[in-house]
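Single-structure report; data block below.
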Amino acid sequence: SLHDALPICQLVETPFRQAGSGPLVLRGGQRVEQTTHRQMSESFRLGAVLALTGGFLDAYTYLIRGGVFANAQTGNIVLLGVRLMEGDWGGAGHYLVPILAFAAGVLAAELIRGRFRGAQALHWRQITVAAELLLLAAVAFLPAALDNAANVLVAFVCAVQVESFRKVNGNAFATTMCTGNLRSGTERLYLWGKTGERDHGHRAAQYYGIIVFFIVGAALGAWCSGRWGQRAVLGACVLLLAAFLLMFQRKPLARTGKGV
């Protein structure tokens with residue numbers, strides 16, 4: 001038979017797949033399910049750490065770097081329009097610069113993904129986190145006279161983060177702003193109340209949980225800014241270092257193939 005014609009070593013290494021399970025191999029004439037793993041970039045833990053960072057940076061730039069929002073460019077766009085209406089061209093430029101820096105950060109994240117997606121030593125998202133950390137460390141040493149430069153770098157960092165980390169457990173999330181999370185969480189809450197399905201309730205809790213971590217990050221950023229001023233951004237560097245190290249972990253996938 002075909003089974004007898006194949007070498008034993010080839011049979012052992014031949015993968016099989018079943019619906020709802022990971023790859024299977026033949027060992028000693030029996031099929032044994034192999035454990036597969038997924039990178040931590042979509043885990044709730046990592047999303048929580050990044051949300052802390054996002055809230056921290058928004059509070060820092062608003063309180064220390066001239067009342068500019070690093071993450072939520074909608075606020076900057078509104079203030080840009082107000083300054084233009086007032087004829088305050090310098091003030092308009094103050095808000096235009098971080099908007100352009102945010103757009104540049106999105107492009108940079110896509111370039112990094114395209115260049116390093118197949119990297120073995122580090123996940124491409126770890127490269128973006130390392131770049132964020134280094135840029136924020138530089139911001140800590142920029143004087144008040146260079147607030148615009150600091151806001152450019154922070155907006156760039158936030159854009160890289162929001163473009164690189166867009167899902168938590170397979171659901172669309174943002175770790176640097178809350179409006180979308182609030183909408184999605186409330187929608188899931190409604191569906192949970194309507195259908196009684198636990199999955200909707202679980203996902204609603206995750207959305208609201210990310211919002212809570214963002215608020216805690218903003219509070220932490222405000223506290224650190226009051227104590228250390230411009231150097232306070234180093235606290236965000238510590239959070240990003242934790243995120244970078246956390247991404248070395250792997251978790252087994254569930255039998256359904258869903259991420260963790």
Side-chain angles (χ1 to χ4, degrees), residues 40-77 98-99 101-106 108-109 112 125-140 150-169 171-185 205-226 228 230 232-247:
M40 286 283 292
S41 60
E42 293 186 12
S43 71
F44 182 84
R45 273 186 292 170
L46 183 62
V49 173
L50 294 175
L52 286 171
T53 306
F56 190 109
L57 291 175
D58 242 3
Y60 170 77
T61 56
Y62 185 80
L63 294 173
I64 302 297
R65 297 295 186 175
V68 171
F69 295 104
N71 299 331
Q73 295 306 310
T74 301
N76 291 333
I77 291 171
I99 294 170
F102 191 92
V106 172
I112 292 173
R125 290 185 176 91
Q126 285 178 290
I127 297 174
T128 66
V129 170
E132 292 176 45
L133 196 159
L134 293 175
L135 290 175
L136 290 181
V139 168
N151 289 328
V152 164
L153 291 177
V154 175
F156 182 89
V157 162
C158 290
V160 169
Q161 179 171 310
V162 76
E163 183 67 12
S164 300
F165 300 90
R166 295 187 289 183
K167 290 184 178 181
V168 172
N169 290 337
N171 294 300
F173 272 77
T175 59
T176 62
M177 56 196 74
C178 294
T179 303
N181 295 339
L182 180 61
R183 184 206 66 79
S184 298
Q206 288 186 333
Y207 279 111
Y208 288 126
I210 292 294
I211 292 173
V212 168
F213 277 104
F214 188 93
I215 294 170
V216 172
L220 179 62
W223 183 80
C224 291
S225 295
W228 297 300
Q230 294 157 2
V233 74
L234 293 174
C237 294
V238 174
L239 293 172
L240 287 175
L241 178 60
F244 179 84
L245 296 176
L246 186 61
M247 291 176 70

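Counting heavy atoms from C-beta on, the side chains of Glu42 and Arg166 never come closer than 4.5 Å. Counting only heavy atoms from C-beta outward, the side chains of Tyr60 and Val139 approach each other to under 4.5 Å. Contact check for Phe102 versus Asn76: no side-chain heavy atoms found under the 4.5 Å cut-off. Side-chain contact between Val154 and Arg65 is absent, with no heavy-atom pair separated by less than 4.5 Å. At a threshold of 4.5 Å between non-hydrogen side-chain atoms, the residues Val168 and Ser43 do not count as touching.
Gly185 and Tyr207 make their closest contact through CA-CB, 3.5 Å (heavy atoms, listed as atom of the first residue, atom of the second, distance). Across Ala59 and Ala222, no two heavy atoms sit closer than the pair CB-N, 3.9 Å. Leu136 and Val233 make their closest contact through O-CG1, 3.5 Å (heavy atoms, listed as atom of the first residue, atom of the second, distance). Here the closest heavy-atom approach between residue Gly221 and residue Ser225 is recorded as O-OG, 2.7 Å.
For the atom pair CG of Leu134 and CG of Leu240, the computed distance is 10.0 Å after rounding to the nearest 0.5 Å. One finds the CG atom of Leu46 at 5.5 Å from the CZ atom of Phe165 (value rounded to the nearest 0.5 Å). Going from atom CE of Met247 over to atom CD of Gln126 covers 4.5 Å, rounded to the nearest 0.5 Å. Rounding to the nearest 0.5 Å gives a distance of 9.0 Å between OG1 of Thr176 and CD of Gln73. Within the model, atoms CZ of Phe56 and OG1 of Thr53 stand 8.5 Å from one another, a figure rounded to the nearest 0.5 Å. If you take CG on Leu241 and CD on Glu132, they are separated by 12.5 Å, rounding to the nearest 0.5 Å.
Test Asn181, Leu50, Val162 against Phe173 for side chain to side chain contact (heavy atoms under 4.5 Å, CB included) and you get one pass: Asn181.
No side-chain N or O of Thr128 forms a donor-acceptor pair with one of Gln161 less than 3.5 Å apart.
Thr175 places no side-chain N or O within 3.5 Å of a backbone atom of Gly47 that could act as its donor or acceptor partner. Counting only distance, with no hydrogens or angles, the side chain of Asn71 and the backbone of Gly54 share a donor-acceptor pair below 3.5 Å. Side-chain N or O atoms of Asp58 include one that pairs as donor or acceptor with a backbone N or O of Ala70 at under 3.5 Å.
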Only pairs under 3.5 Å count here: list side-chain donor-acceptor contacts from residues 208-218, not counting sequence neighbours, and write none if there are none.
from	atom 1	to	atom 2	distance (Å)
Tyr208	OH	Thr186	N	3.3
Tyr208	OH	Thr186	OG1	2.8

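Residues Tyr62 and Phe69 bring their aromatic ring centres within 6.0 Å.
Partners of Ala101 under the side chain to side chain contact (heavy atoms under 4.5 Å, CB included) rule, at least two apart in sequence or in another chain, are Val152, Ala155.
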**Report entry** Check against side-chain contact (heavy atoms from CB on, under 4.5 Å), Leu57 and Cys158
**Finding:** CA-CA 8 Å; Leu57 291 175; Cys158 290; 3.8 Å; yes

